[in-house]
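Remember, it's a predicted structure, so these values are computed and weren't measured experimentally. In what follows, chains carry the letters A, B, and so on, assigned in the order in which the sequence lines appear, proteins first and then strands, with residues in each chain numbered from 1. Below, all heavy atoms of this structure are taken into account, side chains as well, without hydrogens, waters or symmetry copies.
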Number of protein chains: 2
Amino acid sequence: MEGAPANEQIASPRRAPSQQRSRERVERMLAAASQLIAEQGSDAMRMGEVAERAGVSIGSLYQFFPDKRAIIWALAERHTTEGQACISAALADVRDAEGLGQAFSELVDIYYRLFLAEPVMRDIWSGTQADKALRQLELADSRANAEFLTAVLKRLRPAADPVALETMAFLVWQMGEAAMRLAVSVERQEGDRLVAAYKRMALRELLTE
Amino acid sequence: MEGAPANEQIASPRRAPSQQRSRERVERMLAAASQLIAEQGSDAMRMGEVAERAGVSIGSLYQFFPDKRAIIWALAERHTTEGQACISAALADVRDAEGLGQAFSELVDIYYRLFLAEPVMRDIWSGTQADKALRQLELADSRANAEFLTAVLKRLRPAADPVALETMAFLVWQMGEAAMRLAVSVERQEGDRLVAAYKRMALRELLTE
DNA sequence: TGCAAATGTGAGGATTACTCATATTTTAAA
DNA sequence: TTTAAAATATGAGTAATCCTCACATTTGCA
């Protein structure tokens with residue numbers, strides 16, 4: 001972006017809303033940002049437009065978000081939080097290889113549907129590499145999710161090298177995200193095939209000794 | 001970016017340099033851009049700085065590149081061209097499964113070293129999702145590379161479903177790129193482990209009936 | 001009630017991508 | 001060689017955008 005001096009650091013934090021009124025306004029800001037990202041992508045999202053659509057002044061926007069990236073980051077963080085809860089629940093009571101296969105397969109389907117339905121998620125995670133803070137968030141999220149998987153794997157294969165299991169889980173998870181991004185950027189039919197191929201490949205890796 | 005009205009389209013083409021003098025100047029522009037991307041990333045690269053470092057005026061820069069993305073695109077395209085030649089050569093005379101394993105393994109190593117050594121490549125391909133034209137270039141490149149792989153697979157497994165082989169090759173290739181991006185963004189030791197795990201996983205997929 | 005803290009405002013500062021009128025250099029035909 | 005057209009070069013200026021800040025308003029509470 002441009003405007004203020006190119007700031008490589010993470011921007012200074014802002015006050016969190018403490019009153020009911022401001023909390024509602026912050027919600028409106030996030031909702032407006034989400035809409036605009038869905039319509040045009042985060043790059044084309046204009047701060048002035050976010051403020052206008054949220055019915056607040058540009059100054060109010062910057063009262064709670066230090067800069068543009070911070071809004072995007074806040075939306076991304078919500079998705080990761082929701083996602084982790086979902087994944088944790090799905091993998092919590094896996095007891096055997098069959099259960100893992102079942103749970104993993106369902107998770108992939110859920111995520112694929114999410115990617116297809118949520119342009120915001122797609123947009124945010126695709127811009128991930130360019131933004132240090134987002135990249136960190138995505139890596140942390142991926143590690144956290146991979147850890148749920150690792151825990152299951154360690155339970156199923158107590159004799160295996162733990163580091164190898166961690167590496168495999170992390171890799172499989174990251175590849176899933178890559179497969180999703182790829183799948184939604186080609187024609188639907190090919191996307192379906194790619195996701196199915198990923199699922200098969202990941203399961204073979206996870207379930208084979 | 002900002003400045004001119006947000007332009008979603010691909011910018012209008014500019015004249016290609018026809019004189020010796022201008023061809024040299026364009027080379028200097030590309031070299032300057034490459035340096036700056038390596039130093040600060042393509043987002044922080046300033047057109048004015050590119051011009052200054054290349055020893056030309058800002059106007060000259062825009063004489064040959066319609067906009068900022070076009071410079072990045074030109075650098076990206078060089079990489080894809082070089083890469084495809086390399087891959088095509090490596091896979092051309094694969095005759096059996098063992099040869100495929102050998103060639104694929106070497107390719108992964110080469111790409112990993114390239115990713116580690118070439119910040120420009122990393123930067124460009126990571127920004128790929130945000131830019132329609134770059135995304136197209138990357139997809140086309142990936143498809144082209146996957147096709148080399150598909151050709152080999154069809155030779156080795158003539159009975160297999162061609163579409164399935166194409167899907168697998170495309171997926172394996174895209175995942176390789178994802179694995180590389182991941183590997184270079186974590187500590188070196190973990191990166192090495194991740195690349196090794198990818199290699200094993202991909203080979204198992206490629207070599208198993 | 002009255003005061004401090006929280007919140008709200010929007011004109012304007014600062015930076016940057018990109019344009020365009022104009023000047024210079026090269027090419028090549030006469 | 002002359003010369004006109006095409007190619008190339010220049011950089012001050014335009015427009016768009018992010019973000020700040022001095023000041024106004026509202027809320028919580030003693």
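A salt bridge links A:Arg181 and A:Glu138; the closest N-O separation between the charged side-chain nitrogens and carboxylate oxygens is under 4.0 Å.
For A:Ser60, no side-chain nitrogen or oxygen approaches OP1 or OP2 of C:dT7 to under 4.0 Å. Distances shown here put a side-chain N or O of B:Tyr62 below 4.0 Å from the OP1 or OP2 atom of C:dC18. OP1 or OP2 of D:dT8 lies within a sub-4.0 Å distance of a side-chain N or O belonging to B:Arg15.
Where B:Met47 and A:Leu61 each meet DNA chain C at their nearest nucleotide, the meeting point lying more 5' is that of A:Leu61. Heavy-atom nearest nucleotides on DNA chain D were determined for A:Gly48 and for A:Gly59, and the one closer to the 5' end corresponds to A:Gly48.
The side chain to side chain contact (heavy atoms under 4.5 Å, CB included) test applied to B:Ala74 returns B:Leu30, B:Phe65, not counting sequence neighbours. Considering only residues two or more places apart in sequence or on other chains, A:Glu39 meets the salt bridge (charged side-chain N to carboxylate O under 4.0 Å, His left out) condition with A:Arg53. For the side chain to side chain contact (heavy atoms under 4.5 Å, CB included) test, residues two or more places apart in sequence or in another chain that qualify with B:Ala169 are B:Ala146, B:Leu149, B:Thr150, B:Leu153. With sequence neighbours excluded, no residue forms a salt bridge (charged side-chain N to carboxylate O under 4.0 Å, His left out) with B:Arg23.
Pairs passing the salt bridge (charged side-chain N to carboxylate O under 4.0 Å, His left out) check and including a residue from residues 162-171 of chain B, sequence neighbours excluded, read B:Lys154-B:Glu166.
Across the protein-nucleic acid pair, A:Asp43 atom CG and D:dT17 atom C1' stand 12 Å apart, rounded to whole Å. In this structure, the CD atom of A:Gln63 is 12 Å from the C1' atom of C:dA5, given to the nearest Å. In this entry the distance linking CZ of B:Arg28 with C1' of D:dA9 reads 12 Å, nearest Å. A straight line from CD of B:Glu52 to P of D:dA12 spans 13 Å, rounded to a whole angstrom. Atom P of nucleotide C:dT19 and atom CG of B:Asp67 are separated by 8 Å, given to the nearest angstrom. Summarising the geometry, the separation between NZ on A:Lys68 and P on D:dC18 is reported as 5 Å, rounded to the nearest angstrom. In this structure, B:Arg46 places its CZ atom 12 Å from C1' of D:dC18, rounding to the nearest Å. In this structure, CD1 of A:Ile58 is placed 17 Å from P of C:dG13, rounded to the nearest angstrom.
Using a 4.0 Å heavy-atom cutoff across all strands shown, A:Phe64 reaches sugar-phosphate atoms only and no base atom.
When distances run from any side-chain atom of B:Ser57 to the nucleotides C:dG10, D:dC18, D:dA9, the shortest one goes to D:dA9. Taking every side-chain heavy atom of A:Arg25 into account, C:dT9 is the closest of C:dC18, C:dT9, D:dT20.
Between A:Tyr111 and A:Trp173, the ring-plane angle classifies as perpendicular under the 30° and 60° cut-offs.
Against DNA chain C, the stretch residues 16-24 of chain B makes heavy-atom approaches under 4.0 Å through B:Gln19, B:Arg21.
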